[in-house]
Amino acid sequence: MIAQVGFSSNFITTEIQISGSKSESNRLLILKSLYPNLTIKNLSISDDTKVLLAALEKMDGEIDVHHAGTAMRFLTAFFSFKEGVTVVLTGSKRMQERPIKILVNSLREMGANITYLKNEGYPPLRIIGKEPQQNTVNIAANVSSQYISALLLVASSLKNGLTITLQGEITSTPYIKMTLQLLQQIGLDSTFDGNTISLLPVSKIPQKTITVESDWSSASYFYSIISLVKGASVTLKSYKRESLQGDSALSEIYSKLGVVTTINDTENSITLSNNHKAISEKIELDLSNTPDIAQTIAVTCLGLAIPCLLTGLHTLKIKETDRIVALKIELEKLGARVIVTDNSLELFPEPSLNKNVLIDTYNDHRMAMAFAPLSSKVPLQINEPMVVTKSYPNFWKHLQKIGFLVDFKE
Ligand SMILES: O=C(O)C1=C[C@@H](OP(=O)(O)O)[C@@H](O)[C@H](O)C1
Ligand SMILES: C=C(OP(=O)(O)O)C(=O)O
(Lines give C-alpha, C1' and ligand atoms only; values in the text may rest on other atoms or scores of the structure.)
(Ligands and ions follow the chains in the order given, each with its own letter.)
Protein backbone atom coordinates (compact mmCIF):
# COMPACT_ATOMS: atom_id res chain seq x y z
CA MET A 1 0.00 0.00 0.00
CA ILE A 2 1.08 3.58 -0.69
CA ALA A 3 -0.25 6.78 0.88
CA GLN A 4 -0.38 9.86 -1.31
CA VAL A 5 0.00 12.70 1.18
CA GLY A 6 -0.61 16.39 0.51
CA PHE A 7 -1.86 19.46 2.28
CA SER A 8 -5.14 21.30 1.76
CA SER A 9 -3.32 24.60 2.56
CA ASN A 10 -6.15 25.18 4.98
CA PHE A 11 -4.82 24.24 8.41
CA ILE A 12 -7.67 23.26 10.73
CA THR A 13 -7.09 24.37 14.29
CA THR A 14 -8.42 21.63 16.49
CA GLU A 15 -7.82 19.32 19.42
CA ILE A 16 -6.14 15.92 19.08
CA GLN A 17 -6.38 13.20 21.74
CA ILE A 18 -3.23 11.07 21.58
CA SER A 19 -3.27 7.72 23.42
CA GLY A 20 -1.08 6.80 26.39
CA SER A 21 2.71 6.57 26.18
CA LYS A 22 3.76 3.13 24.94
CA SER A 23 6.85 3.22 27.15
CA GLU A 24 4.86 3.95 30.31
CA SER A 25 2.10 1.49 29.31
CA ASN A 26 4.50 -1.39 28.70
CA ARG A 27 6.26 -0.86 32.02
CA LEU A 28 2.96 -0.67 33.88
CA LEU A 29 1.62 -3.84 32.22
CA ILE A 30 4.63 -5.84 33.46
CA LEU A 31 4.19 -4.31 36.92
CA LYS A 32 0.45 -5.08 36.93
CA SER A 33 1.19 -8.71 36.15
CA LEU A 34 3.55 -8.80 39.17
CA TYR A 35 1.36 -6.60 41.40
CA PRO A 36 -2.34 -7.09 40.50
CA ASN A 37 -3.45 -4.27 42.84
CA LEU A 38 -2.34 -1.83 40.15
CA THR A 39 -5.00 -0.23 37.89
CA ILE A 40 -3.89 1.49 34.66
CA LYS A 41 -5.81 4.26 32.86
CA ASN A 42 -5.22 5.77 29.37
CA LEU A 43 -3.27 2.71 28.24
CA SER A 44 -1.55 2.99 24.85
CA ILE A 45 -3.52 1.58 21.90
CA SER A 46 -0.27 0.84 20.01
CA ASP A 47 0.55 -2.57 18.49
CA ASP A 48 3.54 -2.74 20.86
CA THR A 49 1.24 -2.55 23.86
CA LYS A 50 -1.28 -4.99 22.35
CA VAL A 51 1.41 -7.65 21.82
CA LEU A 52 2.63 -7.26 25.39
CA LEU A 53 -0.91 -7.56 26.76
CA ALA A 54 -1.47 -10.72 24.69
CA ALA A 55 1.86 -12.20 25.86
CA LEU A 56 1.00 -11.62 29.52
CA GLU A 57 -2.36 -13.31 28.99
CA LYS A 58 -0.83 -16.29 27.16
CA MET A 59 2.25 -16.95 29.35
CA ASP A 60 2.90 -20.22 27.56
CA GLY A 61 4.26 -21.75 24.33
CA GLU A 62 5.43 -19.49 21.51
CA ILE A 63 5.03 -15.77 22.08
CA ASP A 64 5.60 -13.46 19.12
CA VAL A 65 6.14 -9.79 19.96
CA HIS A 66 6.57 -8.70 16.28
CA HIS A 67 8.53 -5.42 16.18
CA ALA A 68 8.13 -4.43 19.86
CA GLY A 69 11.57 -3.89 21.42
CA THR A 70 10.25 -3.09 24.90
CA ALA A 71 8.02 -6.18 24.90
CA MET A 72 10.96 -8.39 23.84
CA ARG A 73 13.37 -7.05 26.44
CA PHE A 74 10.91 -6.69 29.33
CA LEU A 75 9.41 -10.16 28.79
CA THR A 76 12.85 -11.80 28.65
CA ALA A 77 13.53 -10.67 32.23
CA PHE A 78 9.93 -11.30 33.32
CA PHE A 79 9.77 -14.93 32.11
CA SER A 80 13.29 -15.75 33.35
CA PHE A 81 12.04 -15.71 36.94
CA LYS A 82 8.46 -16.94 36.39
CA GLU A 83 8.74 -20.38 37.98
CA GLY A 84 6.91 -23.21 36.21
CA VAL A 85 6.57 -21.29 32.91
CA THR A 86 8.36 -22.27 29.68
CA VAL A 87 8.08 -19.98 26.66
CA VAL A 88 9.70 -19.37 23.30
CA LEU A 89 10.00 -15.64 22.85
CA THR A 90 10.27 -14.56 19.23
CA GLY A 91 9.60 -11.56 17.00
CA SER A 92 9.71 -10.19 13.46
CA LYS A 93 12.66 -10.76 11.11
CA ARG A 94 14.09 -7.43 12.29
CA MET A 95 13.56 -8.34 15.96
CA GLN A 96 15.72 -11.40 15.30
CA GLU A 97 18.50 -8.99 14.27
CA ARG A 98 18.17 -6.72 17.32
CA PRO A 99 20.79 -7.71 19.95
CA ILE A 100 19.77 -9.06 23.35
CA LYS A 101 23.01 -10.70 24.53
CA ILE A 102 23.83 -8.03 27.13
CA LEU A 103 20.52 -8.66 28.90
CA VAL A 104 20.67 -12.45 28.52
CA ASN A 105 24.23 -12.53 29.95
CA SER A 106 23.11 -10.59 33.02
CA LEU A 107 20.05 -12.79 33.52
CA ARG A 108 22.24 -15.90 33.18
CA GLU A 109 24.62 -14.40 35.76
CA MET A 110 21.59 -14.41 38.08
CA GLY A 111 20.89 -18.06 37.22
CA ALA A 112 18.32 -17.77 34.39
CA ASN A 113 17.81 -20.67 31.97
CA ILE A 114 17.77 -19.06 28.50
CA THR A 115 18.69 -20.77 25.21
CA TYR A 116 19.25 -19.09 21.84
CA LEU A 117 17.19 -20.98 19.25
CA LYS A 118 18.76 -19.45 16.10
CA ASN A 119 21.65 -17.02 16.32
CA GLU A 120 23.76 -16.53 19.45
CA GLY A 121 22.89 -13.15 20.97
CA TYR A 122 19.54 -12.68 19.22
CA PRO A 123 15.90 -13.81 19.55
CA PRO A 124 14.20 -16.28 19.38
CA LEU A 125 14.88 -17.44 22.95
CA ARG A 126 13.64 -20.42 24.93
CA ILE A 127 13.16 -19.38 28.55
CA ILE A 128 12.48 -21.82 31.38
CA GLY A 129 11.38 -19.72 34.35
CA LYS A 130 13.09 -20.35 37.69
CA GLU A 131 14.02 -18.66 40.94
CA PRO A 132 17.17 -16.48 40.68
CA GLN A 133 20.30 -17.74 42.45
CA GLN A 134 21.81 -14.36 43.29
CA ASN A 135 20.59 -10.84 43.87
CA THR A 136 23.46 -8.85 42.41
CA VAL A 137 24.16 -8.34 38.73
CA ASN A 138 26.32 -6.28 36.35
CA ILE A 139 25.07 -4.89 33.04
CA ALA A 140 26.55 -2.79 30.22
CA ALA A 141 24.55 0.45 30.02
CA ASN A 142 25.85 1.90 26.75
CA VAL A 143 23.82 -0.08 24.16
CA SER A 144 20.14 0.04 25.18
CA SER A 145 18.47 1.33 28.34
CA GLN A 146 15.71 -1.25 27.78
CA TYR A 147 17.96 -3.99 29.19
CA ILE A 148 18.27 -2.06 32.45
CA SER A 149 14.57 -1.20 32.63
CA ALA A 150 13.83 -4.91 32.08
CA LEU A 151 15.87 -5.84 35.18
CA LEU A 152 14.44 -2.97 37.24
CA LEU A 153 10.84 -3.92 36.47
CA VAL A 154 11.21 -7.41 37.96
CA ALA A 155 13.75 -6.53 40.69
CA SER A 156 11.36 -5.99 43.63
CA SER A 157 9.31 -9.10 42.82
CA LEU A 158 12.38 -11.32 43.39
CA LYS A 159 12.71 -13.05 46.76
CA ASN A 160 15.88 -11.16 47.71
CA GLY A 161 15.40 -8.02 45.62
CA LEU A 162 18.21 -6.96 43.26
CA THR A 163 21.30 -4.74 43.13
CA ILE A 164 22.29 -3.74 39.59
CA THR A 165 25.69 -2.25 38.74
CA LEU A 166 25.69 -0.26 35.50
CA GLN A 167 28.87 -0.44 33.45
CA GLY A 168 30.07 2.10 30.87
CA GLU A 169 28.35 5.27 29.75
CA ILE A 170 24.58 5.21 30.32
CA THR A 171 22.49 5.77 27.19
CA SER A 172 18.83 6.84 26.83
CA THR A 173 18.93 7.79 30.54
CA PRO A 174 15.41 9.34 30.75
CA TYR A 175 13.92 5.89 30.08
CA ILE A 176 15.72 4.47 33.13
CA LYS A 177 14.47 7.40 35.20
CA MET A 178 10.94 6.76 33.91
CA THR A 179 11.15 3.16 35.10
CA LEU A 180 12.41 4.20 38.55
CA GLN A 181 9.72 6.88 38.88
CA LEU A 182 6.93 4.46 37.97
CA LEU A 183 8.30 1.94 40.48
CA GLN A 184 8.29 4.65 43.10
CA GLN A 185 4.71 5.67 42.27
CA ILE A 186 3.50 2.17 43.09
CA GLY A 187 5.57 2.03 46.27
CA LEU A 188 8.73 0.25 45.10
CA ASP A 189 11.58 2.43 46.33
CA SER A 190 15.09 2.22 44.94
CA THR A 191 18.45 3.71 45.83
CA PHE A 192 20.71 4.99 43.05
CA ASP A 193 24.22 5.40 44.36
CA GLY A 194 27.04 6.10 41.88
CA ASN A 195 26.39 3.49 39.20
CA THR A 196 24.53 1.02 41.45
CA ILE A 197 20.75 0.71 41.75
CA SER A 198 19.25 -1.39 44.58
CA LEU A 199 15.67 -2.52 45.15
CA LEU A 200 14.39 -4.41 48.17
CA PRO A 201 11.90 -7.28 47.79
CA VAL A 202 8.18 -6.34 47.91
CA SER A 203 5.57 -9.05 47.42
CA LYS A 204 2.39 -6.96 47.48
CA ILE A 205 1.46 -3.30 46.94
CA PRO A 206 -1.62 -1.39 48.19
CA GLN A 207 -4.37 -0.57 45.63
CA LYS A 208 -3.03 2.04 43.22
CA THR A 209 -4.38 3.68 40.05
CA ILE A 210 -2.00 5.29 37.56
CA THR A 211 -3.15 7.37 34.59
CA VAL A 212 -0.64 7.15 31.75
CA GLU A 213 0.30 10.48 30.22
CA SER A 214 -0.18 10.63 26.45
CA ASP A 215 2.74 9.76 24.20
CA TRP A 216 5.29 12.55 23.71
CA SER A 217 7.09 10.77 20.85
CA SER A 218 3.76 10.82 18.96
CA ALA A 219 3.45 14.55 19.73
CA SER A 220 6.75 15.14 17.90
CA TYR A 221 5.03 14.91 14.49
CA PHE A 222 2.74 17.82 15.44
CA TYR A 223 5.75 19.84 16.59
CA SER A 224 7.20 19.26 13.14
CA ILE A 225 3.98 20.29 11.37
CA ILE A 226 3.56 23.45 13.45
CA SER A 227 7.17 24.36 12.81
CA LEU A 228 6.64 23.99 9.04
CA VAL A 229 3.21 25.66 8.68
CA LYS A 230 3.22 29.40 9.39
CA GLY A 231 0.22 30.54 11.44
CA ALA A 232 -0.78 27.03 12.46
CA SER A 233 -1.70 25.88 15.94
CA VAL A 234 -2.98 22.64 17.49
CA THR A 235 -3.97 21.43 20.96
CA LEU A 236 -2.81 17.97 22.10
CA LYS A 237 -4.21 15.99 25.03
CA SER A 238 -3.54 14.64 27.70
CA TYR A 239 -0.18 16.07 28.73
CA LYS A 240 1.27 17.26 32.03
CA ARG A 241 3.82 19.88 33.01
CA GLU A 242 5.87 17.28 34.93
CA SER A 243 6.36 14.42 32.50
CA LEU A 244 8.08 11.07 33.04
CA GLN A 245 8.90 10.96 29.34
CA GLY A 246 12.27 12.26 28.13
CA ASP A 247 10.72 13.21 24.78
CA SER A 248 8.92 16.05 26.59
CA ALA A 249 12.22 17.85 25.79
CA LEU A 250 10.41 18.56 22.50
CA SER A 251 9.03 21.84 23.88
CA GLU A 252 12.57 23.10 24.53
CA ILE A 253 14.05 21.67 21.30
CA TYR A 254 11.28 23.02 19.05
CA SER A 255 11.44 26.46 20.66
CA LYS A 256 14.60 26.72 18.51
CA LEU A 257 12.50 25.72 15.49
CA GLY A 258 9.77 28.34 15.89
CA VAL A 259 7.23 26.44 18.01
CA VAL A 260 5.76 27.90 21.20
CA THR A 261 4.30 25.39 23.70
CA THR A 262 1.56 26.60 26.04
CA ILE A 263 0.59 24.24 28.85
CA ASN A 264 -2.98 24.26 30.14
CA ASP A 265 -2.82 22.64 33.59
CA THR A 266 -6.57 22.40 34.13
CA GLU A 267 -7.27 20.82 30.74
CA ASN A 268 -4.11 18.67 30.80
CA SER A 269 -3.34 19.87 27.30
CA ILE A 270 -0.55 21.56 25.38
CA THR A 271 -1.13 24.04 22.59
CA LEU A 272 1.58 24.34 19.95
CA SER A 273 1.76 27.47 17.83
CA ASN A 274 4.12 28.86 15.24
CA ASN A 275 5.88 32.05 16.33
CA HIS A 276 6.31 33.27 12.71
CA LYS A 277 10.01 33.94 13.22
CA ALA A 278 12.28 32.98 10.33
CA ILE A 279 15.00 30.54 11.38
CA SER A 280 18.25 30.45 9.52
CA GLU A 281 21.05 29.30 11.83
CA LYS A 282 22.36 25.77 11.84
CA ILE A 283 20.90 23.57 14.62
CA GLU A 284 23.22 21.34 16.66
CA LEU A 285 21.71 18.81 19.05
CA ASP A 286 22.92 15.84 21.09
CA LEU A 287 19.97 13.41 21.04
CA SER A 288 21.39 10.60 23.22
CA ASN A 289 18.58 11.26 25.74
CA THR A 290 15.83 11.45 23.10
CA PRO A 291 16.66 8.95 20.32
CA ASP A 292 13.07 8.51 19.12
CA ILE A 293 12.69 12.10 17.90
CA ALA A 294 15.87 12.19 15.80
CA GLN A 295 14.02 11.38 12.56
CA THR A 296 11.33 14.00 13.24
CA ILE A 297 13.93 16.72 13.84
CA ALA A 298 16.04 15.86 10.78
CA VAL A 299 12.96 16.09 8.55
CA THR A 300 11.78 19.37 10.13
CA CYS A 301 15.19 20.89 9.40
CA LEU A 302 14.93 19.75 5.79
CA GLY A 303 11.47 21.36 5.53
CA LEU A 304 12.77 24.60 7.04
CA ALA A 305 15.84 24.40 4.78
CA ILE A 306 18.19 24.82 7.72
CA PRO A 307 21.35 22.75 8.18
CA CYS A 308 21.61 20.56 11.25
CA LEU A 309 24.13 18.37 13.04
CA LEU A 310 22.52 15.65 15.16
CA THR A 311 24.83 13.67 17.46
CA GLY A 312 24.36 10.97 20.12
CA LEU A 313 22.61 8.72 17.59
CA HIS A 314 24.53 5.47 18.39
CA THR A 315 21.36 3.58 19.43
CA LEU A 316 19.58 4.32 16.12
CA LYS A 317 21.42 1.57 14.26
CA ILE A 318 19.70 -1.21 16.25
CA LYS A 319 16.14 0.08 16.25
CA GLU A 320 13.26 -0.93 13.91
CA THR A 321 15.72 -0.37 11.05
CA ASP A 322 19.16 1.23 10.86
CA ARG A 323 17.63 4.68 11.18
CA ILE A 324 20.84 6.53 10.33
CA VAL A 325 21.15 4.80 6.95
CA ALA A 326 17.38 5.00 6.27
CA LEU A 327 17.35 8.75 6.99
CA LYS A 328 20.30 9.42 4.71
CA ILE A 329 18.69 7.56 1.78
CA GLU A 330 15.28 9.20 2.14
CA LEU A 331 16.51 12.75 2.88
CA GLU A 332 18.73 12.55 -0.20
CA LYS A 333 15.77 11.48 -2.37
CA LEU A 334 14.27 14.88 -1.55
CA GLY A 335 17.40 16.67 -2.75
CA ALA A 336 19.45 17.23 0.44
CA ARG A 337 23.06 16.23 1.03
CA VAL A 338 23.58 14.13 4.16
CA ILE A 339 26.78 12.98 5.87
CA VAL A 340 26.44 10.22 8.46
CA THR A 341 28.69 8.35 10.88
CA ASP A 342 27.73 5.53 13.26
CA ASN A 343 26.43 8.11 15.75
CA SER A 344 25.71 11.34 13.88
CA LEU A 345 23.91 12.89 10.96
CA GLU A 346 24.67 16.17 9.27
CA LEU A 347 22.10 17.66 6.92
CA PHE A 348 22.79 20.20 4.17
CA PRO A 349 19.38 21.05 2.72
CA GLU A 350 18.56 22.62 -0.65
CA PRO A 351 16.07 25.52 -0.74
CA SER A 352 13.63 23.53 -2.90
CA LEU A 353 12.50 19.93 -2.39
CA ASN A 354 12.02 17.26 -5.05
CA LYS A 355 8.30 16.63 -5.62
CA ASN A 356 6.24 13.45 -5.33
CA VAL A 357 9.11 11.40 -4.00
CA LEU A 358 8.25 7.87 -2.76
CA ILE A 359 9.50 7.58 0.83
CA ASP A 360 10.37 4.04 1.90
CA THR A 361 9.59 3.17 5.51
CA TYR A 362 11.74 0.06 6.24
CA ASN A 363 9.13 -1.45 8.64
CA ASP A 364 9.75 1.59 10.82
CA HIS A 365 6.72 3.56 12.04
CA ARG A 366 8.88 6.61 12.70
CA MET A 367 10.08 6.80 9.07
CA ALA A 368 6.46 7.16 7.89
CA MET A 369 5.46 9.62 10.61
CA ALA A 370 8.62 11.73 10.49
CA PHE A 371 8.37 12.34 6.73
CA ALA A 372 4.59 12.93 6.55
CA PRO A 373 4.76 16.55 7.90
CA LEU A 374 6.94 17.49 4.93
CA SER A 375 3.87 17.08 2.71
CA SER A 376 2.82 20.52 4.01
CA LYS A 377 5.62 21.78 1.72
CA VAL A 378 5.56 19.32 -1.16
CA PRO A 379 3.31 16.34 -2.09
CA LEU A 380 4.81 13.01 -1.02
CA GLN A 381 4.14 9.31 -1.30
CA ILE A 382 4.73 7.06 1.70
CA ASN A 383 5.37 3.37 1.11
CA GLU A 384 3.67 0.94 3.55
CA PRO A 385 1.96 3.71 5.52
CA MET A 386 0.29 1.33 7.99
CA VAL A 387 3.63 0.77 9.77
CA VAL A 388 2.44 3.62 11.99
CA THR A 389 0.31 1.21 14.05
CA LYS A 390 3.43 0.11 15.95
CA SER A 391 3.11 3.19 18.14
CA TYR A 392 0.35 5.46 16.76
CA PRO A 393 -2.59 3.70 15.03
CA ASN A 394 -4.62 6.95 14.65
CA PHE A 395 -1.78 8.87 13.00
CA TRP A 396 -3.28 9.20 9.50
CA LYS A 397 -6.77 9.92 10.87
CA HIS A 398 -5.33 12.70 13.04
CA LEU A 399 -3.40 14.18 10.11
CA GLN A 400 -6.61 14.32 8.07
CA LYS A 401 -8.33 16.02 10.99
CA ILE A 402 -5.94 19.00 10.78
CA GLY A 403 -6.22 19.41 7.01
CA PHE A 404 -3.81 16.94 5.38
CA LEU A 405 -5.01 15.04 2.33
CA VAL A 406 -4.23 11.35 2.67
CA ASP A 407 -5.20 8.91 -0.04
CA PHE A 408 -4.37 5.19 0.30
CA LYS A 409 -3.70 3.16 -2.86
CA GLU A 410 -2.97 -0.58 -3.17
O1 LIG B 1 12.43 1.93 27.43
C2 LIG B 1 11.75 2.37 26.52
O3 LIG B 1 10.51 2.45 26.60
C4 LIG B 1 12.44 2.82 25.30
C5 LIG B 1 13.79 3.08 25.29
C6 LIG B 1 14.54 3.58 24.12
O7 LIG B 1 15.35 2.54 23.62
P8 LIG B 1 16.95 2.41 23.88
O9 LIG B 1 17.18 2.42 25.33
O10 LIG B 1 17.26 1.09 23.24
O11 LIG B 1 17.59 3.58 23.18
C12 LIG B 1 13.57 4.08 23.03
O13 LIG B 1 14.26 4.24 21.83
C14 LIG B 1 12.41 3.14 22.82
O15 LIG B 1 11.53 3.60 21.83
C16 LIG B 1 11.61 3.00 24.09
C1 LIG C 1 12.76 2.23 19.13
C2 LIG C 1 11.44 2.14 19.31
O3 LIG C 1 10.81 1.10 19.90
P4 LIG C 1 11.34 -0.31 20.43
O5 LIG C 1 12.82 -0.24 20.63
O6 LIG C 1 10.62 -0.51 21.72
O7 LIG C 1 10.97 -1.33 19.39
C8 LIG C 1 10.58 3.27 18.90
O9 LIG C 1 9.37 3.23 19.21
O10 LIG C 1 11.04 4.21 18.24
Side-chain angles (χ1 to χ4, degrees), residues 19-31 44 46-52 55 65-77 91-100 102-103 123 139-153 166 168-183 212-213 215-221 243-247 249 287-297 312-324 326-327 343 361-370 387-393 395:
S19 92
S21 148
K22 85 171 159 74
S23 288
E24 289 185 38
S25 297
N26 284 11
R27 285 162 171 73
L28 290 166
L29 284 175
I30 295 281
L31 290 171
S44 163
S46 67
D47 287 355
D48 282 14
T49 296
K50 287 187 195 145
V51 295
L52 181 58
V65 299
H66 307 289
H67 297 307
T70 49
M72 184 73 215
R73 281 72 180 260
F74 297 173
L75 287 171
T76 298
S92 61
K93 185 169 167 287
R94 174 62 180 169
M95 186 56 69
Q96 298 185 23
E97 299 165 359
R98 296 183 70 184
I100 195 152
I102 290 174
L103 176 60
I139 190 154
N142 59 346
V143 175
S144 169
S145 69
Q146 293 182 10
Y147 307 146
I148 297 149
S149 289
L151 294 175
L152 289 171
L153 287 169
L166 307 183
E169 203 173 325
I170 305 173
T171 197
S172 304
T173 315
Y175 291 98
I176 299 177
K177 288 196 187 140
M178 174 196 286
T179 309
L180 292 172
Q181 283 171 303
L182 286 172
L183 292 175
V212 176
E213 187 190 16
D215 197 78
W216 273 95
S217 321
S218 302
S220 74
Y221 311 109
S243 179
L244 303 182
Q245 299 167 54
D247 285 356
L287 298 178
S288 48
N289 280 336
T290 53
D292 292 357
I293 55 175
Q295 292 144 295
T296 319
I297 295 167
L313 307 185
H314 49 280
T315 64
L316 265 61
K317 295 193 85 63
I318 56 165
K319 297 207 186 280
E320 285 79 337
T321 185
D322 179 337
R323 288 179 173 169
I324 297 185
L327 270 175
N343 56 22
T361 50
Y362 309 81
N363 288 314
D364 183 356
H365 53 144
R366 302 208 189 281
M367 287 303 286
M369 296 189 288
V387 288
V388 300
T389 60
K390 181 179 194 282
S391 65
Y392 190 177
F395 178 73

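FYI, side chains are in, hydrogens and waters are out, and symmetry mates aren't considered; it's all heavy atoms of this structure. Model, not experiment: these values are computed from the prediction. Ligands are counted one by one from 1 in listed order, and the atoms in each one are counted from 1 as well. Nothing fancy with the numbering, it's 1 onward along the sequence.
- A salt bridge does not link D47 to K390: none of the charged side-chain nitrogens sits closer than 4.0 Å to a carboxylate oxygen.
- Nearest protein neighbour of atom 8 (C) of ligand 2, counting heavy atoms only, is E320 OE2, 3.1 Å.
- The shortest N or O to N or O distance between T70 and ligand 1 is not below 3.5 Å.
- Taking every heavy atom of S145 and a limit of under 4.0 angstrom, the matching atoms of ligand 1 come to 5 (C), 8 (P), 9 (O).
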Quick one: do I170 and N142 satisfy side-chain contact (heavy atoms from CB on, under 4.5 Å)? Show the steps, please.
CA-CA 5 Å; I170 305 173; N142 59 346; over 6 Å; no

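- Within ligand 1, counting atoms from 1 as listed, the ones closer than 4.0 Å to a heavy atom of S144 are 8 (P), 9 (O), 10 (O).
- Here the straight-line distance linking atom CG of L152 with atom CZ of F74 works out to 9.5 Å at 0.5 Å rounding.
- Counting only distance, with no hydrogens or angles, the side chain of R94 and the backbone of E320 share a donor-acceptor pair below 3.5 Å.
- Less than 4.0 angstrom separates some heavy atom of G69 from each of these atoms of ligand 2: 4 (P), 5 (O), 6 (O), 7 (O).
- For atom 13 (O) of ligand 1, the nearest non-hydrogen atom from the set D292, T315, N289 belongs to D292.
- If you number the atoms of ligand 1 from 1 as listed, the ones under 4.0 Å from a heavy atom of S23 come out as 2 (C), 3 (O), 16 (C).
- Residue contacts with ligand 1: M178 is excluded, as none of its non-hydrogen atoms falls under 4.0 Å.
- Near H67, meaning under 4.0 Å from one of its heavy atoms, ligand 2 places the atoms 7 (O).
- At a threshold of 4.5 Å between non-hydrogen side-chain atoms, the residues S92 and H67 count as touching.
- Proximity of V143 to T315: side-chain heavy atoms (C-beta onward) are nowhere separated by under 4.5 Å.
- Protein heavy atom closest to atom 10 (O) of ligand 2, with residue, atom name and distance, is R366 NE, 2.6 Å.
- Shown in contact with H365 at under 4.0 Å from a heavy atom are these atoms of ligand 2, numbered in order with element: 8 (C), 9 (O), 10 (O).
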Full working for side-chain hydrogen bond (donor to acceptor under 3.5 Å, both in side chains) between T49 and N26:
CA-CA 6 Å; T49 296; N26 284 11; 2.9 Å; yes

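- Looking at T70 against ligand 2, both its backbone and its side chain come within 4.0 Å, counting heavy atoms.
- In this structure, E24 does not pair ionically with R27, as no charged nitrogen and carboxylate oxygen lie closer than 4.0 Å.
- Residue nearest to atom 7 (O) of ligand 1, selected from R323, K319, E320: K319 (by heavy-atom distance).
- No N or O atom of A68 sits closer than 3.5 Å to an N or O atom of ligand 2.
- Note on R323 versus D292: salt bridge recorded, some NZ/NE/NH1/NH2 to OD/OE distance being below 4.0 Å.
- Contact atoms of ligand 1 toward R27: 1 (O), 2 (C), 3 (O) (distance under 4.0 Å to a heavy atom of the residue).
- Of the possible polar contacts, none joining the S220 side chain to the W216 backbone as a donor-acceptor pair under 3.5 Å is found.
- Only side-chain heavy atoms of S172 come within less than 4.0 Å of ligand 1; its backbone N, CA, C and O stay farther off.
- Closest protein heavy atom to atom 9 (O) of ligand 2: K22 NZ, 2.7 Å.
- In this structure, D48 contributes its side chain and S391 its backbone to no donor-acceptor pair below 3.5 Å.
- In terms of protein heavy-atom proximity, atom 5 (O) of ligand 2 is nearest to R98 NH2, 2.7 Å.
- For S25 and S44, the side-chain atoms include no donor-acceptor pair closer than 3.5 Å.
- Contact annotation: for R323 versus ligand 2, heavy atoms closer than 4.0 Å belong to the side chain alone.
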